[in-house]
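Keep in mind the model is a prediction, meaning the values are calculated, not measured. Along the sequence shown, residues carry numbers from 1.
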Amino acid sequence: MKTRGSLLFALLAAVALGIGLDRLLVPPRTSESNNYSAEASAKAVPNAPKASSPSAQADGNKFRSLEDISEAIRLLATERLAKRYALIDEIAASVSPQDFPAVMPLAEETSPDAFRATFRRELLRRWAGSTPEEAMAHAEKISRPQERSEAIDIVLTAWAESDSADAIAWIGHLPTARKTEAIQTVVLALADKDPEQALALLSSSGPRSDEFPPSLAESIFGALAQLNPKAAAARALQLPPGQFREGALEAVASTWAAADPLAALAWANSLPDPAERNGLLPAVVSQWAGSDPRSAANYVLSLSHQRAGMLERVVSEWAAKDLKSAIAWTRALSSGLIRQQALSAISSQWAQQDPQGFLNFAQSLPPSSVRNSFISAGSSALAGQSTESITAFLQQLPVGQTRSQLTQGIIGKLSQTDPQAAASLGMDLPAGEQRARAVAEVAGNWAGLDLDSARRWADLLPDDYTRSAALRGIGTELAQKDPKAAADYAASLPPSDARNYALREAANHWVELDLQGAVAWLQTLPQQDASHTIDSIIREWAAIQPTRAAAYAASLPADAREDSYSEIGKTWAQSDPKSALGWANDLPEADRSRALAAIVSGWAESSPRDAAAYVAVMPAGDSKNAAIQELVQAWIQAEPAAAAAWALKFPTGDVRDYALLSTANAWVEQDPETAGKWVQNLPSSQSRDVCLAACIAQVGNSSPQFACSWIEAIQDDSTRFAAIERLAQNWLITDRVLAAAWLEKTNLPDERKQKLLAADQ
């Protein structure tokens with residue numbers, strides 16, 4: 001049995017982690033590590049056979065056989081997405097520790113992405129509870145950086161919870177760049193059950209406290225304050241200034257106030273630093289409001305500053321517990337501004353519990369934005385009343401924008417219970433976009449209750465625009481609940497925007513529930529219909545089965561094929577760029593360029609330098625130019641200086657010119673000032689002038705006064721004159737006086753200046 005003290009001593013000696021957390025060392029405490037006992041599934045995995053394998057028998061049949069697990073995972077695709085999520089725990093709990101290496105690849109073939117990620121997380125957590133070293137080895141081999149980082153964090157958290165000593169020892173072998181993040185993960189895992197050890201680990205880690213996020217301080221000192229708030233407060237005050245100290249103090253204040261708000265308030269007010277004292281009051285008052293809102297509210301009123309935010313929190317808490325008292329106290333306030341702020345805080349509770357009374361009060365207020373927001377809140381609550389009450393209330397309001405907005409808010413609520421009444425209100429709105437939105441919402445909710453009635457109503461609507469909106473609303477509702485039914489509905493519509501919309505909605509939701517079913521449906525569609533569904537399906541298909549997705553895309557017409565190849569290439573490259581390149585290089589020349597550019601784009605998101613090395617040796621031509629553009633567009637987002645340096649390495653020629661222009665275009669969009677300086681410092685050449693002109697064109701649309709300062713740096717007269725004309729054309733429209741004054745100072749020939757000025761008249 002290891003003790004924490006001996007382990008921390010060994011860790012310090014082995015990795016030389018440096019000085020403590022600003023001398024805030026705590027005595028180590030001995031605790032036992034928790035041995036993992038695999039959680040047995042109380043429920044059988046649905047549809048799984050009862051056969052068992054040696055791995056299942058090894059634990060008294062608590063675990064399912066690998067064959068059973070494989071079948072259960074296969075059957076997930078036949079379930080609705082909500083049911084799949086419900087089965088995750090059952091399946092993960094039934095996996096034998098020795099079967100995790102075989103089950104993980106099966107989980108990686110599930111869909112959609114969000115479900116696959118959740119499944120991976122649960123399996124890794126279970127695996128780490130039994131054999132954390134094996135789980136960590138698997139996590140570190142995941143190819144996508146973001147997924148790998150998340151997996152390591154999950155394993156390390158579970159490891160720390162079951163055997164903190166070994167988890168800490170594993171951290172000691174990490175390189176410095178990864179160690180701080182790993183320490184944070186373990187500290188968070190330990191904070192609740194053993195804050196002393198969590199603090200000891202931070203103290204021994206080397207970096208100063210201000211290098212750790214406040215969330216760590218909140219977790220540790222919140223747990224310490226539950227044990228002894230005075231002692232926790234004293235220790236928090238020993239921390240050096242910074243966000244870590246702020247998080248620790250706030251955690252102490254909040255935890256202490258939940259148990260003894262007056263004591264916590266006295267402590268907060270005793271702090272010598274005014275900024276810290278004022279910063280802790282909201283946390284104390286918020287907790288105080290939970291036990292004695294009247295006293296907390298009166299205290300806030302006694303303050304000369306910080307009142308608004310704290311008062312809103314207090315009276316909102318008060319209204320949830322005792323609405324009548326909160327209303328009486330609030331209406332008795334004398335200050336108009338403070339009274340309005342307090343009323344706003346209780347408006348939601350008041351409107352829900354007494355909508356008619358709230359609306360009567362709201363209408364008594366003078367015309368203002370506050371009155372409008374009150375009426376809106378009350379109207380949403382009024383939607384639960386009878387149709388007669390709603391109609392009577394609306395008729396009290398003058399015709400106009402406020403009445404229309406309130407009507408639409410009521411329609412949204414009412415259509416969930418009485419769509420026919422909601423439909424009648426919707427058609428009372430003025431024709432146009434507002435009526436269309438309301439009609440779409442009514443139709444969707446109506447379809448969820450009675451599809452045939454909703455369809456009949458939609459078909460009888462008087463104009464094409466409103467009818468199309470209703471049909472789109474029905475398609476959206478069906479797609480969310482039953483994508484196959486939505487697909488059948490779309491097929492029943494005549495060729496129209498509503499049909500195309502319904503097809504896209506069906507595809508978007510079907511692919512989330514059942515990738516293979518969506519793929520099978522896609523393959524049965526006429527090409528015209530397939531073009532409206534392909535994007536969402538092909539992207540998910542390529543993440544799981546890129547070769548099959550690519551084979552299908554090859555059968556599509558040229559435009560749809562190019563778009564599909566782009567989705568496939570980008571998605572495939574994120575997990576296996578080598579295989580993706582092999583596929584793209586075998587494509588016909590007409591398709592190859594776009595596919596390679598997409599692969600480089602996806603590759604550059606995770607490994608821009610590897611992608612750059614590949615692009616650098618590509619033969620000159622359209623494919624290389626397209627790849628360069630995609631590469632720098634992605635690379636500039638993370639490492640603009642590195643991307644710019646790479647572009648400069650090309651020898652003088654067309655490829656270098658294109659690389660510089662692509663870099664300038666991408667960089668100036670993200671950071672105009674830095675990009676402009678970089679371009680102006682390029683060696684004098686026609687390429688430099690072209691890059692400057694491109695930057696001026698981009699920036700000139702939004703900041704012409706900034707862009708015009710670069711004009712004189714263009715050395716070639718014809719390029720400079722063209723840049724002046726382009727900038728002036730837009731600027732004269734938005735600010736003729738400034739633009740004309742600037743134009744007069746340029747060396748653009750007079751006849752060209754006059755032509756620009758005359759064209760703007």
Side-chain angles (χ1 to χ4, degrees), residues 38-49 62-97 99-130 135 138-139 142 144 146-155 157-158 161 444 448 476-487 505-521 536-537 539-545 571 575:
E39 180 180 336
S41 176
K43 300 179 181 178
V45 177
N47 302 319
K62 290 182 179 179
F63 301 114
R64 293 278 170 184
S65 69
L66 182 57
E67 292 79 7
D68 289 354
I69 295 294
S70 300
E71 178 65 7
I73 292 175
R74 186 189 68 79
L75 290 173
L76 284 173
T78 66
E79 301 284 357
R80 290 180 178 270
L81 191 58
K83 182 65 177 298
R84 291 187 212 173
Y85 278 106
L87 292 173
I88 284 178
D89 284 346
E90 293 184 22
I91 293 176
S94 65
V95 179
S96 169
D99 286 339
F100 277 110
V103 171
M104 290 300 299
L106 300 177
E108 294 296 342
E109 294 180 0
T110 57
S111 63
D113 282 344
F115 174 81
R116 184 165 58 252
T118 302
F119 199 6
R120 181 193 304 123
R121 285 193 292 268
E122 184 59 21
L123 287 171
L124 282 171
R125 189 181 68 80
R126 300 272 186 177
W127 193 0
S130 58
H138 174 87
I142 294 176
R144 295 185 182 183
Q146 184 174 351
E147 293 179 1
R148 180 171 62 249
S149 178
E150 181 186 32
I152 290 173
D153 188 70
I154 290 166
V155 173
T157 298
E161 290 172 350
T476 299
E477 174 67 20
L478 289 177
Q480 292 172 348
K481 293 185 175 179
D482 187 346
K484 186 179 185 304
E505 286 293 292
N508 289 339
H509 290 277
W510 201 339
V511 76
E512 291 182 356
L513 294 171
D514 178 10
L515 172 61
Q516 297 307 320
V519 168
W521 169 62
S536 57
I537 294 177
R539 187 182 307 115
E540 185 67 31
W541 195 3
I544 306 299
Q545 298 173 324
T571 302
S575 59

Let me confirm one number: the [atom1]-[atom2] distance from [X] to [Y], rounded to the nearest 0.5 Å.
{"X": "I154", "Y": "R125", "atom1": "CD1", "atom2": "CZ", "result": "10.0 Å"}
{"X": "D514", "Y": "E79", "atom1": "CG", "atom2": "CD", "result": "10.5 Å"}
{"X": "K83", "Y": "R80", "atom1": "NZ", "atom2": "CZ", "result": "11.0 Å"}

Check side chain to side chain donor-acceptor pair (under 3.5 Å) between [X] and all other residues, then give those that pass, not counting sequence neighbours.
{"X": "S70", "answer": "none"}
{"X": "W541", "answer": "Q545"}
{"X": "E477", "answer": "K481"}
{"X": "T157", "answer": "none"}

I'd like to check the salt bridge (Lys or Arg N to Asp or Glu O under 4.0 Å) partners of [X]; sequence neighbours left out, ordered by chain and number.
{"X": "E108", "answer": "R120"}
{"X": "R539", "answer": "E567"}
{"X": "R148", "answer": "none"}
{"X": "E512", "answer": "none"}

**Prompt:** Heavy-atom count around Q516 CD within 6.0 Å, excluding the residue itself: above 12?
**Reply:**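 Enclosed.
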
On a heavy-atom basis, which atom in [X] and which in [Y] lie closest, and how many Å separate them?
{"X": "P112", "Y": "V511", "value": "CB-O, 4.4 Å"}
{"X": "A479", "Y": "P483", "value": "O-CG, 3.5 Å"}
{"X": "F63", "Y": "S96", "value": "CG-CA, 3.6 Å"}
{"X": "F100", "Y": "S130", "value": "CE1-OG, 4.4 Å"}

**Message:** According to side-chain contact (heavy atoms from CB on, under 4.5 Å), who are the partners of A507, at least two apart in sequence or on a separate chain?
**Reply:**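 Scan of A507 (side-chain contact (heavy atoms from CB on, under 4.5 Å), adjacent residues dropped) gives W521, T533, S536, I537.
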
**Item:** Derivation and outcome, side chain to side chain contact (heavy atoms under 4.5 Å, CB included), residues E71 and L75
**Value:** CA-CA 6 Å; E71 178 65 7; L75 290 173; 3.8 Å; yes

**Item:** Pairs involving residues 104-126, ordered by first then second residue, that meet ring-ring contact (aromatic ring centres under 6.0 Å, His included) (sequence neighbours left out)
**Value:**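 For residues 104-126, and leaving out neighbouring residues, the ring-ring contact (aromatic ring centres under 6.0 Å, His included) pairs sorted by first residue read Y85-F115, F115-F119.
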
**Asked** Can you name the one residue among D99, V95, I142, L124 that meets side-chain contact (heavy atoms from CB on, under 4.5 Å) with M104?
**Response**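 Filter result, single survivor: L124.
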
**Prompt:** Tell me, which pairs form a salt bridge (charged side-chain N to carboxylate O under 4.0 Å, His left out) where one or both residues lie in residues 109-119, sequence neighbours left out?
**Reply:**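 Non-adjacent pairs meeting salt bridge (charged side-chain N to carboxylate O under 4.0 Å, His left out): D113-R116, R116-E540.
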
**Message:** In the structure I gave you, are the side-chain heavy atoms of T110 and L515 within less than 4.5 Å of one another anywhere?
**Reply:**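 No, their side chains stay 4.5 Å or more apart.
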
